[in-house]
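For reference, the structure is listed below as C-alpha cells.
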Amino acid sequence: MKNYILLILVCIALVNCKSESKSNDVAKSTIDKKVDSLLNLMTLEEKIGQMNQYNGFWDVTGPVPSEGDAAKKYEHLRKGWVGSMLNVRGVENVRKVQKVAVEESRLGIPLIIGFDVIHGYETQSPIPIAEAASWDLKAIQKSAQMAAKEAAAAGINWTFAPMVDVSRDARWGRVMEGAGEDVFLGSKIAVARVEGFQGKDLSNEETLSACAKHFAAYGFAESGKDYNTADIGISTLYNTVLPPFKAAKNAGVRTFMNSFNELNGIPATGDKFLQRDILKGEWAFDGFVVSDWGSIMEMMDHGYASDKKHAAALAANAGSDMDMESYAYVNELSGLVKEGIVSEEVINDAARRILKVKFELGLFENPYKYCDEKREKEVIGSKEMHDAALDMAKKSIVLLKNENNLLPLEKSGKKIALIGALASDKNSPLGSWRLAAKDNSAISVLEGMQKYPDNELTYAEGAAVVYGATNFVHEVNVNTKDTSKFKEAIQTAKNADVVVMVLGEVGFQSGEARSSANLGLPGVQQELLEAIYNVNKNIVLVLNNGRPLTITWADNHVPAIVEAWQLGSQAGNAIAEILYGDYNPSGKLPMTFPRSVGQVPIYYNPKNTGRPGPKKEVFWSHYQDESNAPLYPFGHGLSYTTFNYSNLKVSAASNEVKVSVTVTNTGKVVGKEVVQLYIRDIIASVTRPVKELKGFELISLKPSESKEITFTLTEKELGFFNNQGKYIVEPGEFKVFVGGSSVTSLETIFQYQ
Ligand code: GLC
C-alpha cells in the first residue's frame, strides 16, 4: 500500500515539476524527473538515510563495527534512514528487510541490496585473475552474466564487482580479484565484466548494478601489504591506474567503490581530486560512490579526520555518496548540514545519484522484483550455471611448461599417483570470495580424475597444507612441519608411471588481508615436491593458487607445470579435461611470475631507465644475486600444439597504422592462440614503457591452418597521458611486437606522423 502512496505523491510532484520543466532547457530523463520530484518530498534525514548502508545480520566482510545491532537497524529501516543493505541474501531474507523499508517507512523507498558477487554467487566460476588468464572477453562477460542471473535470483541487485585494480605485486593477496598487471587487458576485462553484470537493461531482473572498485590505486599498496599507503607518480596514476576505471565508467557502470588506501597523502574516501574532479567532473559519472567497509571512519586512523563528525564531513564533501558500515553519515550528517559544514546540495546530489540507480533497477515499480521464490529454486545451482563455470574454468588454465610432451596423459593402462592435500580439497577451489557458496561444494581434482577410469589412480595427501580455522574472518594456519604423511606419498609415487601433484595455496591464503612476504609454495609443500622428485621425476605439477608463486625450483626440475588457479565449482572437471587432453589449454598469464620475491614488483613493461642492460661493467640496472628476467612472462602460455608467427607487415597511414601477421598451427591438434600486439613509443615527452599491450585476438587454428591477423592502431592506442593528465599523441618512431607472449619474436618499426 505504502508504495502506491509514494507513487501517487511522485506523480503529483511530477506534474508540478512538469510545469517548471518547460523553463528548464536541460532535457531531463523521466527518471531524473521522478528523482527530483521524490527528493522534493524527502526530509533531510530521509535523504541522508539513502546515504547509509548497513551490513546484514550475519555475514561480515570486514571488521565488525562496535555499534550496530539488529534492533537499531530495524528502527532505522522504519524511519527511512537506510538506503542499502549488504550481505542480506536469499529471497526470504531480502523480502523481509525490503518489506520493512517499503511498507513501514513514511515514503517507502526501496533498498538496494548489495553483495560481493565477485566470481559467482552460489556457483563459483574461476577467481577473477584466472578468468583474466583466458583472455576470452566473451567468456568473461558470459561468466559475469551468469553470476548476475544467479545472484539476482537470490534477491541481490547490486554487486561489488568488478575489481579493476591493476597490480604488479604478487605479495598483495587481492591480485586474485583483479585482471592482473596490464592496463590494456584490465580495461577490456573491466568492460566485459560490467556488461556481463549489468546487461543491456538494468531493469531486467536477471541483471545487477555493477561497481568499479577500488577507486583508486589500491593495487599499488607499498610492499604489497593490504590497506597500505599508495604513493605513486601522476604518470602511473593517469596511464596505469585510472584507465580501467574510465573504461568501466564508459561501459556504463552505475556505481564505484572507493578504496581503503591513502593516495599520495589523501585517503581515497576523502579525496576530492579523485571523486569530484576526475570521476564526477572530468568523466561526468552520474552514478554513485560507496565507501569501502568502514573507510570513512578509518580516516581517523589515517590521521586525516579528528573524529567521526570530521570524517563524515570530509567524505561527503569529497564525493563519497554512501557510507558502508561506518555509521558516520546516519549519525553526523544532519548536524553537519545544520552547522553549514556540509551543504544540503551535497546531500541532495548524493541522494539523487542513489535514487537514480534504484529507479534504473526498476525497484520503485516493483521493490520485490528480485524476490521470486520459484526463480530462486530454478536458477541457483542450475546446470546452466555449472556448465558456464566449467567452460570458463577450462579456458582459464595456463600450460606453463610441458617438456617432452608429458601432457596430455594417456587415458588408459597407466599407473597415476595423485599427490597433495589440495587434490582432494573441495573448498579451496572456491577461492576466498565465496560467501554464498556451499562449503565443500567444488569438484576436486581427485573427483575429476576419477571420471577417467581406465588408469590406475592412487591418491596420497602427502602433506596437509592447512589446518585450523579457514573461514573468511580468521587467520589461516599453514602446516610448516608435519611431514608424517610423506612416506605414504613417496611409496605411492615410486610405483607410478606419472605423478600428478596438486600444490599451492588454500582458498584463504590469497584474497583480502592475505598479503604474503614469501611467494614460495606454502608450508612443507616444497619439501614434499622434492621428496617425490627423488623417487619419480615424471611429475606434472598442477598449481592451485590465487597469485603468482616463485616456483623456480619446480621450473628447473619438473617436466610439466599447469597453472590452475582456483577454478571454482567445476575445478576438478576442468583440470582433468586439460590433463587428459580433452581440452587443449589456451590460457595466457595476466600477471608475471617472479623468480624470487625480491624482484617484486615485477611486470613485463617497466621503463628502460638510463642504465638498461646487460652491460659488461657493473653500472646498469640489475641485481647482483638474481636475474632481471621473470620466471614466466606476462602473456605466456603453451598449448598441446605449436604456433608459428611470420610475415609481420606494417602500413602506417596518417591517422592509423595497420599491423598484420600470419599465424600457423604447426602442430598436430586444433589449438587456440592469443595473438598479442605490443608497441613501444621510443622517444616521448614522458618516458614510455619498453612495451605496451595494445591489441590481442583469440583465434583457433586446425593443424597446418594459417590465418592472417590484422590490428589497427589509432591515436587511442598510440597516445598517453602527460603529467597534466592530458591525453596526447606524439609523432615519431614506434616499435611494434607481435607474438604469443610479451616476450615476442617478431618486431619491426614504423613512423607515426
Ligand atoms: C571489503 C572489500 C570490498 C568489499 C566490501 C564489502 O572490505 O574491500 O572489496 O566489496 O568490503 O564486502
Side-chain angles (χ1 to χ4, degrees), residues 52-65 68 83-89 112-121 127-129 144 147-148 151 156-167 172-179 190 193-194 197 208-221 225-228 230 244-245 248 253-263 267-269 288-299 301-302 320-327 431-437 471-474 508 510-515 546:
N52 179 37
Q53 179 187 57
Y54 280 148
N55 182 55
F57 309 122
W58 42 87
D59 292 315
V60 283
T61 51
V64 182
S84 173
M85 301 282 288
L86 77 146
N87 292 330
V88 176
R89 57 192 167 90
I112 182 169
I113 303 291
F115 196 77
D116 291 285
V117 186
I118 307 300
H119 54 101
Y121 175 70
I127 56 175
I129 194 171
I156 309 295
N157 40 56
W158 178 25
T159 177
F160 305 126
M163 186 265 230
V164 301
D165 303 310
V166 170
S167 181
W172 190 50
R174 297 193 79 162
V175 295
M176 53 69 62
E177 198 175 339
R193 285 184 169 145
V194 167
F197 286 128
L208 305 175
S209 170
C211 179
K213 72 183 188 181
H214 304 78
F215 197 59
Y218 185 30
F220 281 75
K225 206 160 31 177
D226 205 357
Y227 317 123
N228 203 4
F245 287 100
V253 75
R254 298 307 295 132
T255 71
F256 268 59
M257 181 185 290
N258 57 38
S259 54
F260 293 119
N261 57 285
E262 68 160 68
L263 173 59
T269 306
F288 70 87
V289 178
V290 63
S291 68
D292 200 344
W293 186 289
S295 64
I296 292 178
M297 292 303 294
E298 290 175 6
M299 288 198 282
D301 286 328
H302 274 291
S320 295
D321 300 305
M322 185 182 279
D323 167 10
M324 179 191 288
E325 276 294 310
S326 279
Y327 302 78
S432 59
W433 274 117
R434 54 178 174 98
L435 292 168
N471 70 23
F472 189 82
V473 178
H474 296 294
F508 287 103
S510 56
E512 184 175 352
R514 265 57 178 196
S515 294

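Order of listing sets the numbers, starting from 1, for every ligand and every atom in it.
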State, without any angle test, whether N258 and T269 hold a side-chain donor-acceptor pair at a distance under 3.5 Å. yes
Under 3.5 Å, N or O to N or O, is Y218 touching ligand 1 that way? no
Quick one: does R514's side chain get under 4.5 Å of M176's, heavy atoms only? no
Enumerate the atoms of ligand 1 whose separation from the nearest heavy atom of W293 is less than 4.0 angstrom. 7 (O), 11 (O)
If you define the side chain from C-beta out and look only at heavy atoms, does anything of Y218 sit under 4.5 Å from M257? no
Does H214 have a non-hydrogen atom less than 4.0 Å from ligand 1? yes
Judging by distance only, is a nitrogen or oxygen of E177 under 3.5 angstrom from one on ligand 1? no
Classify the ring geometry of Y54 against Y327: parallel below 30°, tilted from 30° to 60°, perpendicular beyond 60°. tilted
Minimum side-chain heavy-atom gap Q53-L86 below 4.5 Å: yes
Atoms in ligand 1 with a heavy atom of M257 nearer than 4.0 Å: 3 (C), 10 (O)
Search all heavy atoms of A216 against all heavy atoms of A268 and return the closest pair with its distance. N-CB, 4.0 Å
Quick look: K213 vs ligand 1, heavy-atom contacts under 4.0 Å, and the answer is side chain
By number and element, which atoms of ligand 1 are closer than 4.0 Å to a non-hydrogen atom of F160? 10 (O)
Proximity to ligand 1 by part of E325, non-hydrogen separation under 4.0 Å: neither
As an exercise, identify every atom of ligand 1 less than 4.0 angstrom from a heavy atom of F260. 7 (O), 8 (O)
Could you tell me whether a side-chain N or O of N228 sits under 3.5 Å from a main-chain N or O of A221, the two making a donor and an acceptor? no
Check whether any N or O atom of E512, backbone or side chain, sits under 3.5 Å from an N or O atom of ligand 1, and answer yes or no. yes
